[in-house]
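Order of the sequence lines sets the chain letters (A, B, ...), proteins ahead of strands, with each chain counted from 1. Keep in mind that this is a model prediction, so the values were computed, not measured.
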2 protein chains.
Amino acid sequence: MDKVGIKEIAEKSGVSLTTVSRYFNKPHLLSKKTKDKIQATIQELNYSQDNVARILVTGKSNLVGIIFPQLHLSFYTELLNQLIQYGEEKDYSFIVYTSRDTREEELAMIDRLKSYRVKGIVLLSHILSPSDIEKLDVPIISIERSGGNYCQINSDNYTGGKLAGEKLIEDGCEVLIHINNGYYENWPSFKRIVGFELAVRNMPHETIIQEDLTDPYSEIASKAMSAIVGTLLDKYTDKKIGVFCSNDDIANMLQRDCIRRGIKIPENIEIIGYDNSPVSDYAIYPITSIDQNIPLMAQIAINSLETYIAHENVVAATLIPKKTTL
Amino acid sequence: MDKVGIKEIAEKSGVSLTTVSRYFNKPHLLSKKTKDKIQATIQELNYSQDNVARILVTGKSNLVGIIFPQLHLSFYTELLNQLIQYGEEKDYSFIVYTSRDTREEELAMIDRLKSYRVKGIVLLSHILSPSDIEKLDVPIISIERSGGNYCQINSDNYTGGKLAGEKLIEDGCEVLIHINNGYYENWPSFKRIVGFELAVRNMPHETIIQEDLTDPYSEIASKAMSAIVGTLLDKYTDKKIGVFCSNDDIANMLQRDCIRRGIKIPENIEIIGYDNSPVSDYAIYPITSIDQNIPLMAQIAINSLETYIAHENVVAATLIPKKTTL
DNA sequence: TTGAAAGCGCTAACAG
DNA sequence: CTGTTAGCGCTTTCAA
């Protein structure tokens, strides 16, 4: 079963290689008659194109790499979903990786993507430093990162945090809590905390950082959440507690723990999440969530990549909307 | 910024192209001295390999395609997760698609994967018929399908359904219900129903098919589930109801509806899911679930692909474990 | 232990 | 509108 190539179909149709190539790439240059002949042969031999050869010669592919920290967070799953769907329209294909632990492994991963000549990489992982990323000679679209001089898409974390705080106060919460699984001050998501703390600065409030919550679908996260809820209840008996969680999965975990304990939602504890991923709508009691507009994020990611490519010869810096904030 | 290739590093190291190529592919044939020289130059020029050219000439890639029906079901997400992680060890990269609506679109999708010279395709979508699949000239590993003459991995649905029924009876349920989002009799998952119905044949039982449950994270599914629970409660007041759901997400949705209504779990309704995906462990009340052993499935999928490839010259039929049942 | 030369399957000038 | 020619960056005989 030898691969049938452009050559065979050229011979069978009595035309040259070039003409067949043009059938695919510049069909408007061919006469109807030739086109028909070629099409017939293609059908007959059941030919399908070889993208690998095409990529090699043009130097351009429609492959895009994505590196997620993990796939368990519903924000990531949903973003992947949206990227695949939107990418499909534009004929992009995605190579998906989940991040490794070390900087070296991650750089190797990116090298692997480059070796497939990906058009660009959507980066959600947080392992590399901005300067690492700037050195890479592939277009990078980073999501929820900031600091470096490359294309970045973020939601307006500051306003998000602020809105959450204000809403909880408005709803009569007497103590305001933020639960987060960890941050660095140069991450955009740090601003969720800043915004929230600003909003609640005149009220009793507390920020709880617990790294064990990072993978919400783990025993360790469940235990950590349970401990947090226990402490909060002891400390703030008889007060209405308002909790802003750094993502929807954590919010969901919190709600779960409250329900198990028979705590009334939202009478005793009111919860707000971040992301507006599907999990927030389909919790036992749908959870209010700060919207990241995941579908739009996916679209902007793809579109930025196209802008990137379109202007790669020009001094890119001036043309690409480097920082997009939703 | 021209791409540095094998050629540049050959010149700089004072050796031939071939030698540099061998540095990567048959290093044992080179003298230590040459190797060192080449390595130094590689570092110096920051060279990285070009897989595209390599694939073109060898005809073999480490790309694997995956086609999911959708990404919302936790079984799919978790399988993807496991495939990526296990594949990483073996240096495979995955191109991920979600399925389209029609047979033609799906065939086009597969053609697209072929055009990237994927080593094989892991197929979870159910659109194509077994004979469609047999005609494809790419190795296909199908999961939860049966009927055709190609590599298939299934869990033992029959026993799974049976176990679920038996467990519910053992736990004192008086009415046995199966909730499913739809099936064809030639799908392996149909056997879940058969096994379950066998187990409960001497008890009052009922099988509910509701296609609206297919995407559990949709308004329409929530409504459908709510309607089902309402009907069940009306019909079987005061009886302990045992429900076997066709997947964990449906089970989770059911639990959610019950909790909202204040129904006691498991006193009034007892739930069993299928898949043993993370969602079953992290429901409000962890849900008993029939294990599909997703990590093992991922491993077998990859390994089957390797077996496939290794023996592609031989009459494959006799060598490949066509049907694997977990 | 190394090199020269011939492609892999396709596209892109350039020339009719 | 169509064909000729020269590669893309690499691997692989074959020969030294």
Side-chain angles (χ1 to χ4, degrees), chain A residues 1-39 41-42 45-63 111-119 137, chain B residues 1-39 41-42 45-63 111-119 137:
Chain A
M1 190 160 65
D2 277 322
K3 208 173 175 352
V4 334
I6 216 179
K7 195 169 135 204
E8 283 88 303
I9 89 135
E11 283 164 4
K12 271 238 176 185
S13 323
V15 294
S16 72
L17 288 187
T18 322
T19 306
V20 180
S21 171
R22 276 198 273 257
Y23 173 83
F24 292 110
N25 303 308
K26 330 221 145 145
H28 55 279
L29 293 181
L30 302 188
S31 70
K32 173 131 184 20
K33 213 172 125 192
T34 331
K35 276 194 280 195
D36 289 347
K37 232 178 357 188
I38 295 180
Q39 194 188 6
T41 325
I42 287 175
L45 298 186
N46 189 26
Y47 166 78
S48 58
Q49 289 179 270
D50 188 327
N51 247 319
V52 172
R54 183 222 289 270
I55 293 171
L56 182 62
V57 62
T58 60
K60 285 162 190 351
S61 83
N62 276 318
L63 289 169
D111 231 51
R112 199 126 68 88
L113 285 174
K114 282 199 328 203
S115 81
Y116 288 111
R117 301 230 184 177
V118 293
K119 202 187 206 91
D137 50 348
Chain B
M1 192 159 65
D2 278 321
K3 205 170 177 356
V4 334
I6 216 180
K7 194 169 137 203
E8 285 87 303
I9 89 135
E11 282 164 6
K12 272 239 176 184
S13 324
V15 293
S16 72
L17 289 187
T18 321
T19 307
V20 180
S21 170
R22 277 199 272 258
Y23 173 84
F24 291 111
N25 302 306
K26 329 220 145 148
H28 55 280
L29 294 180
L30 302 186
S31 71
K32 174 134 184 15
K33 213 173 128 191
T34 329
K35 278 194 280 195
D36 290 346
K37 233 178 356 190
I38 295 179
Q39 193 187 7
T41 324
I42 287 174
L45 299 187
N46 190 25
Y47 166 77
S48 57
Q49 290 179 270
D50 188 328
N51 249 318
V52 172
R54 186 221 290 271
I55 294 171
L56 182 62
V57 60
T58 60
K60 285 162 189 350
S61 82
N62 275 319
L63 290 169
D111 231 48
R112 199 127 69 88
L113 286 175
K114 280 198 330 202
S115 81
Y116 287 112
R117 301 229 183 177
V118 292
K119 206 189 202 88
D137 51 347

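With D:dT11, D:dC10, C:dC10 as the candidates, the nucleotide lying closest to the side chain of B:Asn25 is D:dT11. Among D:dT11, C:dG3, C:dT1, the nucleotide with an atom closest to any side-chain atom of B:Thr34 is C:dT1. Counting only heavy atoms from C-beta on, B:Val57 has its side chain closest to D:dT11 among D:dG3, D:dT11, D:dT2.
The interatomic distance linking A:Lys7 (NZ) with D:dT4 (P) rounds to 14 Å, in whole Å. The nearest whole Å value for the distance from the CZ atom in B:Phe24 to the P atom in D:dT12 is 14 Å. Rounding to whole angstrom units, NZ of residue A:Lys26 and C1' of C:dA12 are separated by 7 Å. Protein atom CG of B:Leu29 is 13 Å distant from nucleotide atom C1' of D:dT11, rounded to whole Å. Taking atom OH of residue B:Tyr23 and atom P of nucleotide C:dG3, one finds them 16 Å apart after rounding to whole Å. Atom P of nucleotide D:dC8 and atom CD1 of A:Ile55 are separated by 17 Å, given to the nearest angstrom. Protein atom NZ of A:Lys32 is 13 Å distant from nucleotide atom P of D:dT2, rounded to whole Å. If you take CD of A:Glu11 and C1' of C:dC10, they are 15 Å apart, rounded to a whole angstrom.
Between A:Leu17 and A:Ala10, the shortest heavy-atom contact is N-CB, 3.9 Å. When every heavy atom of B:Ser61 is checked against every heavy atom of B:Tyr116, the shortest pair comes out as OG-O, 4.3 Å.
When heavy atoms are screened at a 4.0 angstrom cut-off, B:Leu30 is found touching the sugar-phosphate backbone but no base atom. Using a 4.0 Å heavy-atom cutoff across all strands shown, A:Val15 reaches sugar-phosphate atoms only and no base atom.
Salt bridge B:Lys32/B:Asp36: present, at least one basic N to carboxylate O contact under 4.0 Å.
Phosphate proximity of C:dT2 to B:Ser31: present, with a side-chain N or O under 4.0 Å from OP1 or OP2. Between B:Thr18 and the phosphate of C:dG3, there is no side-chain N or O to OP1/OP2 separation shorter than 4.0 Å. Between B:Tyr47 and D:dC10 there is a side-chain polar atom (N or O) within less than 4.0 angstrom of OP1 or OP2. Listed pair B:Thr19 / C:dT1 fails the phosphate criterion, with no side-chain N or O lying under 4.0 Å from OP1 or OP2.
Here the side chains of A:Tyr23 and A:Thr41 are not in contact, with every heavy-atom distance at 4.5 Å or above.
A donor-acceptor contact under 3.5 Å is formed by the side chain of A:Arg22 with the base of D:dG3.
No more than 12 heavy atoms of other residues, nucleotides or ligands lie within 6.0 Å of NZ in A:Lys12, so this atom counts as exposed by the packing criterion.
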